[in-house]
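Letters go in sequence order (proteins before strands), and every chain restarts at 1. Atoms considered below: every heavy atom in the structure, side chains included; atoms not considered: hydrogens, waters and symmetry mates.
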There are 4 protein chains.
Amino acid sequence: MLGSGFIARFYADSLHAQRRVDRIHRVYSRTLANAKRFCEDYQLDGYTDNMEEAINHPDTDVVLIALPNHQHLEAVLASAKAGKPVLCTKPLGRNAEEAKAMLDAVESAGVFAGYLEDLCYTPKFLKAVKSVEQGNLGRILWTKSREAHPGPHSDWFWNKEFSGGGAIIDLGCHCVEISRNFIGKQHKPMEVMCWADTQVHPIDAEDHAIGLVRFANGAIGQFEVSWTFRGGMDLRDEVMGTEGTIWLNSFLRTGFEMFTTGLGASYVAEKSESNSGWLFPVGDEAHELGYPHMFTDMFDALEKGTEPRETFYDGYVVNAILDAAFLSAKSKQWEPVLL
Amino acid sequence: MLGSGFIARFYADSLHAQRRVDRIHRVYSRTLANAKRFCEDYQLDGYTDNMEEAINHPDTDVVLIALPNHQHLEAVLASAKAGKPVLCTKPLGRNAEEAKAMLDAVESAGVFAGYLEDLCYTPKFLKAVKSVEQGNLGRILWTKSREAHPGPHSDWFWNKEFSGGGAIIDLGCHCVEISRNFIGKQHKPMEVMCWADTQVHPIDAEDHAIGLVRFANGAIGQFEVSWTFRGGMDLRDEVMGTEGTIWLNSFLRTGFEMFTTGLGASYVAEKSESNSGWLFPVGDEAHELGYPHMFTDMFDALEKGTEPRETFYDGYVVNAILDAAFLSAKSKQWEPVLL
Amino acid sequence: MLGSGFIARFYADSLHAQRRVDRIHRVYSRTLANAKRFCEDYQLDGYTDNMEEAINHPDTDVVLIALPNHQHLEAVLASAKAGKPVLCTKPLGRNAEEAKAMLDAVESAGVFAGYLEDLCYTPKFLKAVKSVEQGNLGRILWTKSREAHPGPHSDWFWNKEFSGGGAIIDLGCHCVEISRNFIGKQHKPMEVMCWADTQVHPIDAEDHAIGLVRFANGAIGQFEVSWTFRGGMDLRDEVMGTEGTIWLNSFLRTGFEMFTTGLGASYVAEKSESNSGWLFPVGDEAHELGYPHMFTDMFDALEKGTEPRETFYDGYVVNAILDAAFLSAKSKQWEPVLL
Amino acid sequence: MLGSGFIARFYADSLHAQRRVDRIHRVYSRTLANAKRFCEDYQLDGYTDNMEEAINHPDTDVVLIALPNHQHLEAVLASAKAGKPVLCTKPLGRNAEEAKAMLDAVESAGVFAGYLEDLCYTPKFLKAVKSVEQGNLGRILWTKSREAHPGPHSDWFWNKEFSGGGAIIDLGCHCVEISRNFIGKQHKPMEVMCWADTQVHPIDAEDHAIGLVRFANGAIGQFEVSWTFRGGMDLRDEVMGTEGTIWLNSFLRTGFEMFTTGLGASYVAEKSESNSGWLFPVGDEAHELGYPHMFTDMFDALEKGTEPRETFYDGYVVNAILDAAFLSAKSKQWEPVLL
Ligand SMILES: NC(=O)c1ccc[n+]([C@@H]2O[C@H](COP(=O)([O-])OP(=O)(O)OC[C@H]3O[C@@H](n4cnc5c(N)ncnc54)[C@H](O)[C@@H]3O)[C@@H](O)[C@H]2O)c1
Ligand SMILES: NC(=O)c1ccc[n+]([C@@H]2O[C@H](COP(=O)([O-])OP(=O)(O)OC[C@H]3O[C@@H](n4cnc5c(N)ncnc54)[C@H](O)[C@@H]3O)[C@@H](O)[C@H]2O)c1
Ligand SMILES: NC(=O)c1ccc[n+]([C@@H]2O[C@H](COP(=O)([O-])OP(=O)(O)OC[C@H]3O[C@@H](n4cnc5c(N)ncnc54)[C@H](O)[C@@H]3O)[C@@H](O)[C@H]2O)c1
Ligand SMILES: NC(=O)c1ccc[n+]([C@@H]2O[C@H](COP(=O)([O-])OP(=O)(O)OC[C@H]3O[C@@H](n4cnc5c(N)ncnc54)[C@H](O)[C@@H]3O)[C@@H](O)[C@H]2O)c1
């Protein structure tokens with residue numbers, strides 16, 4: 001496990017739950033104290049502040065990258081060099097160039113590589129995609145994926161150099177890949193139109209953006225991303241087909257409603273903004289966000305020698321689409337997706 | 001695994017999923033052909049139509065009972081005799097007498113015993129109970145648990161002798177235990193008032209019932225059960241406390257909505273009545289119904305030598321409450337719960 | 001208009017809105033100052049603290065009773081004596097005896113009389129009843145009507161002598177009449193089982209009750225009433241038939257959802273408990289609660305010389321059912337409805 | 001009343017309901033038989049197939065235009081010439097040029113003119129706008145208004161010459177005006193980016209479009225319009241502000257849910273696609289769509305000599321925005337709004 005922050009803990013919680021067979025052995029973190037704490041919390045075999053060491057350790061069968069965006073490339077290159085299977089969190093790169101370098105590295109090293117796009121593994125999403133594949137919705141015309149919340153928890157997200165951008169890169173990567181799955185990955189993304197602005201936060205990067213991706217078959221994949229949303233974490237997808245419609249709400253309205261005066265308050269859900277009044281918790285957060293099904297697919301694929309549902313190639317396509325979105329937000333024109 | 005029917009498959013699907021460590025080794029079924037097919041489908045080590053043989057087989061570490069209600073007692077007694085840990089599906093017995101015999105058997109044999117009350121393990125429920133325990137709702141005044149669908153899939157359910165009753169025993173056992181968890185198991189159930197009727201189906205047993213269970217602390221646990229409901233499977237719980245409210249919808253409104261003309265139709269969800277128009281699938285059915293978390297708790301408890309959340313004693317209390325409900329439906333009076 | 005309190009204002013707002021033709025002419029209130037303020041607020045012709053005077057005034061074509069429960073009988077008798085059409089708010093009487101006296105009075109005086117049961121006039125309810133009448137749900141098996149909120153706004157509600165009881169008389173009158181409409185008024189209510197308790201408030205009367213009304217055709221009308229609910233005003237109805245299901249939510253979940261940090265806060269909705277966090281306002285409260293459609297039916301019926309949908313006889317049946325409910329709560333037995 | 005089609009009947013139903021004081025006197029329709037039937041159905045004073053005659057009739061106090069889009073200009077000019085107050089259905093013109101001509105005509109004639117934008121008068125919308133004006137949402141950042149259904153009922157809608165366009169002009173006019181109200185009409189619309197396509201229907205005009213309108217204060221008003229949506233009529237609005245969020249669902253999820261096997265089927269709601277399975281009727285359709293509140297505002301304003309909430313100027317701005325949207329859909333660039 002590379003990284004010991006927010007997502008590293010989510011991954012560890014998901015892997016070490018429900019009597020799963022796979023175990024994290026050791027953790028790398030820049031700061032030794034963090035690595036140590038993480039190691040203790042999850043009862044790992046060891047920890048280090050040396051990334052190479054963690055990757056090359058003989059007990060490390062698979063490298064799991066949970067580092068900030070600007071560290072993904074380095075970590076993937078090191079894993080490829082070590083000949084170790086590698087799973088990398090989203091977004092793959094800060095841009096398509098980085099993603100392409102990672103893709104090339106794992107391909108030429110011949111190592112298994114999985115793109116940890118959890119929102120393409122939520123149980124709702126998997127079932128919805130199956131319905132679409134069975135033809136229940138006919139030909140897909142339009143999809144909309146929305147991810148919005150009040151803003152990220154760590155400083156580096158707000159720094160374009162570390163993150164590669166704002167809400168577009170952080171949240172748009174999910175939305176774009178969700179749309180690709182619904183529309184069909186065989187359909188090439190052609191061009192992107194995007195509006196982006198910094199409406200609320202004192203940052204350089206955009207905190208709100210809307211984009212349209214036109215695919216070769218005429219379908220449109222819309223993304224709505226924001227760090228300015230109030231009310232919690234809004235995760236909704238919509239699909240329109242000639243024969244039907246799908247609406248998914250993955251977080252704020254899932255059949256769990258609670259009113260409380262606030263007595264005995266505690267953690268409700270990721271990015272929830274309050275702990276009194278009407279609250280909308282989710283049952284098992286990791287599950288609703290797709291982590292268990294994602295790791296199951298990854299390790300099953302690794303064992304069977306097949307490809308996982310979400311590959312580095314997918315991560316690269318996503319980056320290429322987002323590159324076009326960034327361009328479009330500046331040029332105010334539809335920009336071609338360069339693959 | 002004893003039984004190869006509907007719930008046996010649900011259990012097997014849940015256990016053999018998500019890279020879990022526990023495995024089913026062999027299956028017993030009355031009909032050898034069914035046992036064989038089940039064995040093949042889940043790639044087990046063996047099958048038999050001899051229950052004792054299955055229980056006593058050296059590879060059998062734990063006995064998992066998925067038989068019709070009238071077979072639970074015999075299977076538990078055999079497991080206790082064999083000194084094997086035993087997990088039994090709901091309801092524990094057809095009545096409190098049977099349940100008490102099972103409880104006594106496992107206690108005197110000193111074997112681990114778990115009551116497979118899955119709906120007390122749904123992720124939503126677990127989180128809701130935690131909120132209640134944290135005091136977010138203050139003192140609990142009333143709970144309502146509702147389970148209703150158009151009627152069961154197998155003939156034996158409709159036969160009082162095999163099942164022990166109709167909707168009350170089949171569905172009421174869930175509702176009563178849900179209420180006990182919310183109100184607090186330390187509060188003794190005192191008396192029950194129940195209305196029951198056979199409104200639609202040509203059966204002896206009741207196909208619809210409403211009951212109120214009064215607990216020692218004044219709280220009321222209401223159950224609503226029906227085999228006459230149209231529209232799918234309605235699983236809803238409500239909790240009222242002095243400081244708050246919880247509403248759970250576990251199946252029909254979980255944030256997944258789909259309209260389809262019916263093209264490419266297929267399985268939507270348990271007891272769903274149609275495959276066109278507006279449909280409300282659930283993401284991962286086994287998960288929403290609590291099976292994975294239930295087995296995790298059971299096997300973790302077994303390994304740690306602790307009690308699971310749901311024990312045979314709980315199953316016995318549930319049966320005692322339902323006995324009072326059956327009596328009340330006839331006497332038209334509040335009937336005491338005899339424990 | 002007799003009365004100048006909460007419901008009087010709701011009635012006046014509904015009547016003097018949407019360019020309706022009917023006008024309130026004068027108001028009676030026990031306290032002259034209140035009568036005066038009401039008169040000014042709604043620009044009426046006059047006010048008085050003498051009930052007889054208001055009733056007998058030549059401009060008074062119709063008497064509208066919006067007084068506390070213990071005043072209904074006196075006001076109806078006076079109206080009957082004056083030979084004036086009379087509309088009385090719910091509940092008709094504090095008990096069936098009072099209601100019967102009112103019914104007899106208007107019948108022997110031959111005056112038009114309407115029972116202002118607004119929740120049987122909400123647009124949703126009217127459409128739902130129509131669906132039931134068209135047979136969309138087949139034979140009705142069970143209905144549930146629920147009204148629950150944190151407790152009433154005026155002192156007299158809490159005093160059994162003035163009100164005739166607690167949540168049962170205040171809220172149960174709505175629920176019972178809703179069930180009668182769904183099940184069909186031609187089916188006689190036979191007996192009632194009711195649990196009631198004073199769980200939270202320091203009052204004599206019950207603040208929470210659940211009841212079952214059995215009708216001659218075997219259908220069950222369930223009511224759930226509470227002054228202990230947290231989270232706003234919970235108005236929900238459910239209907240189960242052999243061919244279908246109806247779920248109505250009239251107040252807390254009507255397609256209007258709002259999150260606010262609380263900036264610029266103001267009135268959200270009747271009995272709403274907070275003005276920050278997630279709120280669920282209704283669009284046009286009077287409309288959602290049925291007032292406009294109720295008065296339209298009343299005045300149309302009066303002009304056409306027909307009966308309104310809700311008559312004094314209906315009010316009397318409701319009181320008789322609630323009388324049985326009060327008895328049952330004490331006797332802990334099913335009690336017959338005496339008509 | 002000019003026109004006797006779909007919307008003319010909706011208007012007449014709304015005006016002649018709930019004991020409202022205003023009455024339709026006579027109707028004009030191109031086809032005399034239709035005019036006659038309309039006259040009889042609503043018990044009017046007379047009918048004609050001569051528009052001028054209807055407008056100039058001495059009993060005509062107000063002209064109500066419910067004609068196809070290409071007839072609005074002629075009808076408005078004739079009303080202005082006759083010096084009669086005029087209310088015109090949406091969209092005002094087929095383009096801004098037509099709308100400007102109408103605006104100029106009523107202004108120079110000095111007649112009262114109202115723009116019948118019903119969706120800016122739904123009770124939910126009115127309350128939501130009030131919340132926004134009270135500051136409950138802080139500064140408005142983004143609004144989204146969506147109107148989508150399977151396609152219109154009359155042939156002329158599909159003919160660009162009669163209608164002025166497809167889904168953009170038919171549905172976009174609602175969405176754009178909804179956004180203007182939320183963002184604040186004082187903020188100038190600056191430029192528009194729009195994607196449009198003909199994805200399903202065999203027509204020249206677009207059957208699906210997404211647009212972004214950028215306002216002078218940086219807020220974005222998004223519209224989503226489609227004649228290719230399956231599942232009924234989807235009317236949803238969303239508002240994001242620095243301090244809060246509003247979600248409105250005006251038609252498909254309003255707290256009324258019904259399952260039916262289809263027995264005794266009948267009309268459910270405008271553009272509903274089925275009458276079995278899970279259905280989502282609305283209580284009082286005209287009310288949910290804003291007609292009663294719209295006419296109340298119009299006639300109140302007329303009597304008081306004030307401006308209605310929605311004026312011809314508003315209709316003109318809407319047309320100007322949509323003109324830019326049409327241009328943008330072709331040029332694939334942000335196009336300025338020319339006012
Ligand atoms: N749904 C998801 O899949 C999801 C959710 C959140 C984050 N993520 C991704 O996970 C990655 C990490 O995000 P996070 O939310 O865990 O962030 P975080 O800030 O919580 O944790 C980042 C970790 O990296 C370490 N770190 C920070 N800067 C570093 C540097 N310069 N060199 C080495 N280590 C450094 C931190 O100490 C910390 O342990 C990001 O790529 C993010 O996009 C994915
Ligand atoms: N949510 C839940 O936990 C849940 C859900 C469904 C069923 N159940 C319980 O599981 C048990 C089985 O129900 P099911 O739905 O699987 O039923 P089923 O009819 O689908 O399967 C029952 C199995 O038992 C076998 N069987 C039937 N009669 C038998 C007999 N006389 N002797 C031996 N074997 C016999 C059948 O062949 C079949 O393999 C019941 O106790 C039921 O209450 C629990
Ligand atoms: N949904 C409904 O239809 C609905 C809702 C609320 C109340 N109500 C009914 O309306 C009636 C009034 O309730 P409310 O909520 O307006 O109460 P309220 O306390 O707000 O107003 C009652 C009015 O009666 C006057 N009043 C009080 N005691 C009096 C007395 N002893 N003699 C004469 N006048 C007296 C008060 O001054 C006040 O003007 C009750 O019967 C209640 O059940 C109906
Ligand atoms: N929500 C709304 O406000 C709403 C809803 C629907 C329609 N509308 C608007 O109402 C207007 C009419 O739409 P509709 O749905 O009633 O259409 P419709 O086709 O149902 O009715 C149109 C009426 O105009 C008549 N007509 C058609 N062509 C004509 C012509 N060339 N000359 C004279 N009369 C002609 C028809 O006979 C019919 O009486 C349109 O402008 C439409 O955009 C508004």
Side-chain angles (χ1 to χ4, degrees), chain A residues 15 17-22 122-128 130-138 236 239 241-266 268-269 275-276 278-279 281-285 287-288 292-293 295-296 299-300, chain B residues 15 17-22 122-128 130-138 236 239 241-266 268-269 275-276 278-279 281-285 287-288 292-293 295-296 299-300:
Chain A
L15 280 167
Q18 301 297 337
R19 301 180 62 78
R20 298 177 72 103
V21 82
D22 313 294
T122 74
K124 274 174 193 160
F125 180 81
L126 291 173
K127 198 159 211 172
K130 211 175 140 199
S131 282
V132 167
E133 286 168 359
Q134 280 167 350
N136 297 158
L137 265 61
R236 279 179 292 160
V239 192
T242 50
E243 304 290 328
T245 297
I246 284 177
W247 293 340
L248 302 181
N249 192 321
S250 298
F251 221 69
L252 274 179
R253 298 293 184 273
T254 62
F256 192 150
E257 317 186 19
M258 172 167 151
F259 178 88
T260 170
T261 57
L263 208 78
S266 62
V268 173
N275 49 22
S276 70
W278 278 104
L279 306 176
V282 289
D284 176 340
E285 217 167 304
H287 178 89
E288 295 298 327
H293 287 77
F295 284 121
T296 294
F299 291 119
D300 282 355
Chain B
L15 280 168
Q18 300 297 338
R19 303 179 61 78
R20 298 176 72 102
V21 82
D22 313 293
T122 73
K124 273 173 194 160
F125 180 80
L126 292 173
K127 198 161 210 169
K130 211 175 139 200
S131 282
V132 167
E133 287 168 359
Q134 281 167 351
N136 297 158
L137 265 62
R236 280 178 291 161
V239 191
T242 49
E243 303 290 327
T245 297
I246 284 178
W247 292 340
L248 301 182
N249 192 320
S250 298
F251 221 69
L252 275 179
R253 298 292 185 273
T254 61
F256 191 150
E257 319 186 17
M258 173 168 150
F259 178 90
T260 170
T261 58
L263 208 78
S266 62
V268 173
N275 48 24
S276 70
W278 278 104
L279 306 176
V282 289
D284 176 340
E285 218 168 304
H287 177 90
E288 294 299 327
H293 287 77
F295 284 121
T296 294
F299 292 119
D300 281 356

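The contact between B:E288 and chain A is made entirely by side chain atoms (from C-beta outward), counting heavy-atom distances below 4.5 Å. Both the backbone and the side chain of B:A128 come within less than 4.5 Å of a heavy atom in chain A. With a threshold of 4.5 angstrom between heavy atoms, B:R20 approaches chain A through its backbone and through its side chain. Proximity to chain A (any heavy atom under 4.5 Å) is restricted, for B:F295, to the backbone atoms N, CA, C and O. Only the side chain of B:D22 comes within contact range of chain A, with heavy atoms under 4.5 Å apart. In this structure, no portion of B:L126 lies under 4.5 Å from any heavy atom of chain A. Proximity to chain B involves both the backbone and the side chain of A:R19, based on heavy atoms less than 4.5 angstrom apart.
Rounding to the nearest 0.5 Å gives a distance of 13.5 Å between CH2 of B:W247 and CE of A:M258. One distance of note links CZ of B:F125 with CZ of A:F256; it measures 10.5 Å at 0.5 Å rounding.
Put simply, of B:G255, B:P292, B:G138, B:G244, the one with the most heavy-atom pairs under 4.5 Å next to chain A is B:G255. In terms of heavy-atom pairs under 4.5 angstrom with chain B, the leader among A:N249, A:L252, A:D300, A:T296 is A:T296. In terms of heavy-atom pairs under 4.5 angstrom with chain B, the leader among A:G135, A:A17, A:G262 is A:G135. With respect to chain A, the highest number of heavy-atom pairs below 4.5 Å among B:D284, B:T261, B:T242, B:N136 belongs to B:N136. Chain B forms more heavy-atom pairs under 4.5 Å with one residue of A:R236, A:R253, A:H293, A:E133 than with any other, namely A:H293. Between chain A and the options B:T260, B:V21, B:T245, B:I246, the largest number of non-hydrogen pairs under 4.5 Å is found for B:T245. Each of B:V239, B:T122, B:L248 has some count of heavy-atom pairs under 4.5 Å with chain A, and the biggest count is that of B:L248.
Side chain of B:K124 to backbone of A:T254: a donor-acceptor contact under 3.5 angstrom is found.
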| said: Working note: B:Q18 + A:Q18, criterion side-chain contact (heavy atoms from CB on, under 4.5 Å); need CA distance, chi angles, decisive distance, verdict. | reply: CA-CA 8 Å; B:Q18 300 297 338; A:Q18 301 297 337; over 6 Å; no

